[in-house]
Visitor: 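Sending over a structure as structure tokens; questions will come in a sec.
Heavy atoms only: backbone and side chains are in, while hydrogens, waters and symmetry mates are out. The structure displayed is predicted, hence computed values, not measured ones.
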Number of protein chains: 2
Amino acid sequence: MISAERALDALGDPTRRMVFRRLREGNRSVQEIADGLEVSRPAVSQHLRVLKDAGLAVVRIEGTRRLYAIDTRGLESLRGWLDGFWDKTLTAFKHAAEREAAKERKTR
Amino acid sequence: MISAERALDALGDPTRRMVFRRLREGNRSVQEIADGLEVSRPAVSQHLRVLKDAGLAVVRIEGTRRLYAIDTRGLESLRGWLDGFWDKTLTAFKHAAEREAAKERKTR
DNA sequence: GCTTACGGTAAGTCAAGACTAACGGTTTGT
DNA sequence: ACAAACCGTTAGTCTTGACTTACCGTAAGC
């Protein structure tokens with residue numbers, strides 16, 4: 001099971017989001033990802049590790065290169081979290097409105 | 001305009017997510033939010049500030065109390081970010097598949 | 001006016017983690 | 001076998017930011 005909390009933790013860092021965004025461009029090697037970024041290649045490696053552990057990235061070994069790509073499971077998990085949160089927020093709003101209405105009826 | 005990046009930064013902290021989740025239960029004072037959490041009231045205050053600045057929370061002053069609730073704009077911004085990301089990921093996958101197919105045709 | 005409750009802010013501490021430099025392992029090519 | 005390319009990992013540094021304590025302002029109740 002992939003945790004949305006882990007995904008949120010992983011996406012809480014700006015440079016990690018940069019790395020994550022570059023994964024959209026298809027299978028990219030670590031070197032390619034690091035080029036154009038302001039951090040070193042090992043830093044990118046570590047960010048990729050976090051993204052992978054969070055279910056946001058997958059690796060494919062090809063010779064001496066490691067091609068990273070986006071793991072859609074992490075995105076799905078995130079979407080599920082967001083949808084659930086949204087639902088509970090709305091029902092809470094509804095209940096609060098009902099409580100308000102009941103209070104109104106009482107006072108008049 | 002509300003930035004999804006700010007929202008992601010804000011939700012990158014576990015205890016801040018706890019605070020955020022408690023906001024669903026309707027209008028809650030800072031005291032009420034802090035009760036049941038393992039951190040002090042000032043810590044909660046600071047988290048609420050971050051959430052508010054990120055467009056994830058709104059305040060309503062009622063006497064000496066401040067009632068916090070969820071700002072749906074932050075959630076919408078987050079959803080937009082997620083949707084856009086998803087779209088671009090899919091189109092990238094599609095293009096990659098096309099490139100793969102073209103490569104296949106060439107080699108045979 | 002005094003007291004009490006509520007909560008934002010400042011100062012200071014401390015731990016988490018982002019980063020670099022250096023190293024080592026593995027694969028490919030000559 | 002040697003060299004080169006690629007990349008993960010470790011050790012160590014340094015910044016960020018989460019937290020507490022203490023303080024101050026404000027609003028309601030007596």
Visitor: For the pair B:Arg22 (side chain) and B:Ile33 (backbone), establish whether a donor and an acceptor sit closer than 3.5 Å, ignoring hydrogens and angles.
Guide: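 Between the backbone of B:Ile33 and the side chain of B:Arg22 there is a qualifying donor-acceptor contact (under 3.5 Å).
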Visitor: Tell me whether B:Arg24 forms a cation-pi arrangement with A:Phe85, defined as NZ or CZ under 6.0 Å from the six-membered ring centre and within 45 degrees of its axis.
Guide: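 Positive - B:Arg24 is close enough to the ring of A:Phe85 and near enough to its axis.
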Visitor: What is the distance from CD1 of B:Ile61 to C1' of D:dA28, rounded to the nearest Å?
Guide: 15 Å
Visitor: Could you tell me the separation between the CG atom of A:Asn27 and the C1' atom of D:dC6, rounded to a whole number of Å?
Guide: 16 Å
Visitor: Please say which of A:Val44, A:Asp35, A:Val19 ends up in a side-chain contact (heavy atoms from CB on, under 4.5 Å) with A:Val30.
Guide: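 The side-chain contact (heavy atoms from CB on, under 4.5 Å) with A:Val30 is passed solely by A:Val44 among A:Val44, A:Asp35, A:Val19.
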Visitor: Near DNA chain D, under 4.0 Å by heavy atom, which residues of residues 29-37 of chain A?
Guide: A:Ser29, A:Val30, A:Gln31
Visitor: Could you write out each protein N or O paired with an N or O of nucleotides 17-24 of chain D at a distance under 3.5 Å?
Guide:
{"unit_1": "D:dA18", "atom_1": "OP2", "unit_2": "B:Arg16", "atom_2": "NH1", "d": "2.9"}
{"unit_1": "D:dC19", "atom_1": "OP1", "unit_2": "B:Thr15", "atom_2": "OG1", "d": "3.2"}
{"unit_1": "D:dC19", "atom_1": "OP2", "unit_2": "B:His47", "atom_2": "NE2", "d": "2.3"}
{"unit_1": "D:dT20", "atom_1": "OP2", "unit_2": "B:Ser40", "atom_2": "N", "d": "2.7"}
{"unit_1": "D:dT20", "atom_1": "OP2", "unit_2": "B:Ser40", "atom_2": "OG", "d": "2.6"}
{"unit_1": "D:dT20", "atom_1": "O4", "unit_2": "B:Gln46", "atom_2": "NE2", "d": "3.3"}

Visitor: Minimum heavy-atom separation for A:Glu32 and A:Asn27, please, with both atom names.
Guide: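 Reported closest heavy-atom pair: OE1-O, 4.3 Å.
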Visitor: For A:Arg79 and B:Leu82, indicate whether the former's side chain and the latter's backbone hold a donor-acceptor pair under 3.5 Å.
Guide: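 A pair under 3.5 Å: no.
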Visitor: Considering residues at least two apart in sequence or located in another chain, which fulfil the side chain to side chain donor-acceptor pair (under 3.5 Å) criterion with A:Arg17?
Guide: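 If we apply the side chain to side chain donor-acceptor pair (under 3.5 Å) test to A:Arg17, skipping adjacent residues, the hits are B:Glu5, B:Asp9.
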Visitor: Measure the distance from OH on B:Tyr68 to P on C:dG7 and round it to the nearest whole Å.
Guide: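 Computing the B:Tyr68:OH to C:dG7:P distance gives 9 Å.
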Visitor: Would you mind reporting whether B:Leu11 and B:Leu78 have side-chain heavy atoms less than 4.5 Å apart?
Guide: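 Yes - at least one pair of side-chain heavy atoms lies under 4.5 Å apart.
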Visitor: Quickly work out the A:Leu67 CG to C:dT27 C1' distance and round it to whole Å.
Guide: 14 Å
Visitor: When the distance from CG of B:Asp9 to C1' of C:dG17 is rounded to whole Å, what number comes out?
Guide: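 Rounded to whole Å, this separation is 14 Å.
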Visitor: Is a donor on one side and an acceptor on the other found under 3.5 Å between the side chain of B:Arg6 and the backbone of B:Asp53?
Guide: yes
Visitor: Nearest nucleotide by nearest heavy atom, which residue falls closer to the 5' end of DNA chain D, A:Arg65 or A:Arg49?
Guide: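 This one resolves to A:Arg65.
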Visitor: How many Å lie between CD on B:Glu62 and P on C:dG7, as a whole number?
Guide: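 Taking CD of B:Glu62 and P of C:dG7, I get 11 Å after rounding.
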